[in-house]
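To keep things clear, I will list the structure first and then write my remarks on it.
Numbers restart at 1 for each chain; the letters A, B, ... are given by sequence-line order, proteins then strands. Here the structure is a predicted model, which is why all the values come from computation and not from measurement.
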There are 2 protein chains.
Amino acid sequence: MIRPHPLDRVILRGLQEDATQSARKLAAGRLNSAAIQRRIQKLEEAGAIRSRRVILDREALGFGVTVFLGVKLATKGRVSLDDFERAVAAIPEVQTVQHVLGVYDYRLRVVARDLSDFERVLRRRIMTLPGVGQVDANVLLSEERRPGPI
Amino acid sequence: MIRPHPLDRVILRGLQEDATQSARKLAAGRLNSAAIQRRIQKLEEAGAIRSRRVILDREALGFGVTVFLGVKLATKGRVSLDDFERAVAAIPEVQTVQHVLGVYDYRLRVVARDLSDFERVLRRRIMTLPGVGQVDANVLLSEERRPGPI
DNA sequence: CTTGAAAAGAACTGCCT
DNA sequence: AGGCAGTTCTTTTCAAG
C-alpha cells in the first residue's frame, strides 16, 4: 500500500482538479519543478495514478440525458454474470458498468440524447440483456465531483 | 450544440482513454500534428472538453472500500436540499454527489479505508445529515469505464 | 532527496496551399 | 481546413550538492 508523502498529497489533489497543470505551477515556489516531476513519476510507477483522462461535456455534445440504472439479475450463476457483462459491453450508450453487492447486482451509467432516445435504449438494449430482472432508474439532475480523501 | 466532425470523434475518443497522448500520436500519420492541435483547441473552446483529470487508484492508496449510497430525504423543501448539499460537501470521504430524480433523491460515492472505517463514516457522518430518510447501499466489487457515445 | 542546466519533446503561431 | 516551419514552453535526463 502506498503511503503518500504530504507533498505527494498536495500534488495528487492538484492533479485531480486539473491534470494540465505543469510541474512548475504545482511546485508554486516551494520546490524545484524537477523535484515535483520526479514525485509525479514515482506516483505513476507505484500505481497511485491510474490514468489521465479528459472529462467530456455530454450535454454540450448533445447527450442531455444521463440515467443511472440499478439492475437485479434474475439468474446469478457465474455464467450469467459473464453473459451479462459481455452483452452490456456491446451497448455504446453505457458509460460505466459497476458490479456491486447490495441492493443491486449491477449499476449502469447510461447517456442518451433525450428521454425518447433513452426509452429506445432501455427497451431495445437494456431490458433485453441476458438474465435481467428488476431495473430501477434515477435521472441525473446535477453532479458534483469532489477531491475525496488522500 | 456541438456536432463534432468525424475526426473530432476520433480525437475525443483517444483523449478519453489517455489524455497524455501527444497530438502527433493522435494524428497517427493521417494528419499533421498542428491540425490535430487546432481541433483540440476548438473543442476546448466550444466546451466539449470539460476538464482534464487524473484518476487515482484508491485501492492502492489504502482506500479499499467504495460504497454507493442511495439517499431518500425525509423532508424535501428547497431549504432542505440546500442544507443537505452543504452538509454533504463537508464530508471528505464523499467523492461524488449526484442530485437525481427517481428512486432516490441523492446518490453518493463514498470511499473508506475498510468496512469498519466505512461504518464510522456511515454512522457519524451520513446518518446524521440534515433531512436524511432512507439510505440504501451497494458495495463496489469492480468497475469498468467505457468511452460512451460521441 | 533536491538543485540547476542542458537536451528532447510537445504545444502554439503565422503563413502558405 | 490541412501542411510547413519557427518560437516558446514543458518534460526529461543527468551531474552534483
Just to be sure I understand the rule, does Leu7(B) reach a base, reach only the sugar-phosphate, or reach nothing, if contact means heavy atoms closer than 4.0 Å?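 Touches sugar-phosphate only.
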Send over the distance from [X] [atom1] to [N] [atom2], rounded to a whole Å.
X        : N       : atom1 : atom2 : answer
Leu15(A) : dT10(D) : CG    : P     : 15 Å
Asn32(B) : dA11(C) : CG    : P     : 12 Å
Ile36(A) : dT11(D) : CD1   : P     : 11 Å
Asp18(B) : dA10(C) : CG    : P     : 12 Å
Gln37(A) : dT3(C)  : CD    : P     : 14 Å
Leu43(B) : dA11(C) : CG    : C1'   : 16 Å
Arg52(B) : dT10(D) : CZ    : P     : 15 Å
Ile11(A) : dC1(C)  : CD1   : P     : 12 Å

Would you tell me whether Tyr104(A) and Gln134(A) have side-chain atoms, one donor and one acceptor, within less than 3.5 Å of each other? no
Closest to the Ala35(A) side chain: dT3(C), dG3(D), dT13(C)?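 For Ala35(A), the side-chain atoms sit closest to dT3(C).
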Measure from the side chain of Ala34(A), starting at C-beta and using heavy atoms only, and say which of dA5(D), dT3(C), dA11(C) lies closest.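 Selected nucleotide (nearest to the side chain): dT3(C).
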Result of checking Leu122(A), Val121(A), Asp136(A) against Leu69(A) for side chain to side chain contact (heavy atoms under 4.5 Å, CB included):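 The residue from Leu122(A), Val121(A), Asp136(A) that satisfies side chain to side chain contact (heavy atoms under 4.5 Å, CB included) with Leu69(A) turns out to be Leu122(A).
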Check whether any side-chain heavy atom of Glu59(A) sits under 4.5 Å from a side-chain heavy atom of Met1(B), and report yes or no.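 Heavy-atom side-chain distance check fails, nothing below 4.5 Å.
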Could you measure the distance from the CZ atom of Arg38(B) to the CG atom of Leu43(B)? Nearest 0.5 Å is fine.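 Separation between the atoms: 14.0 Å.
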Any side-chain N or O of Arg38(A) under 4.0 Å from OP1/OP2 of dC1(C)?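 For Arg38(A), the contact criterion (side-chain N or O under 4.0 Å from OP1 or OP2 of dC1(C)) is met.
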Does the side chain of Arg39(B) get closer than 4.0 angstrom to OP1 or OP2 of dG2(D) through an N or O atom? yes
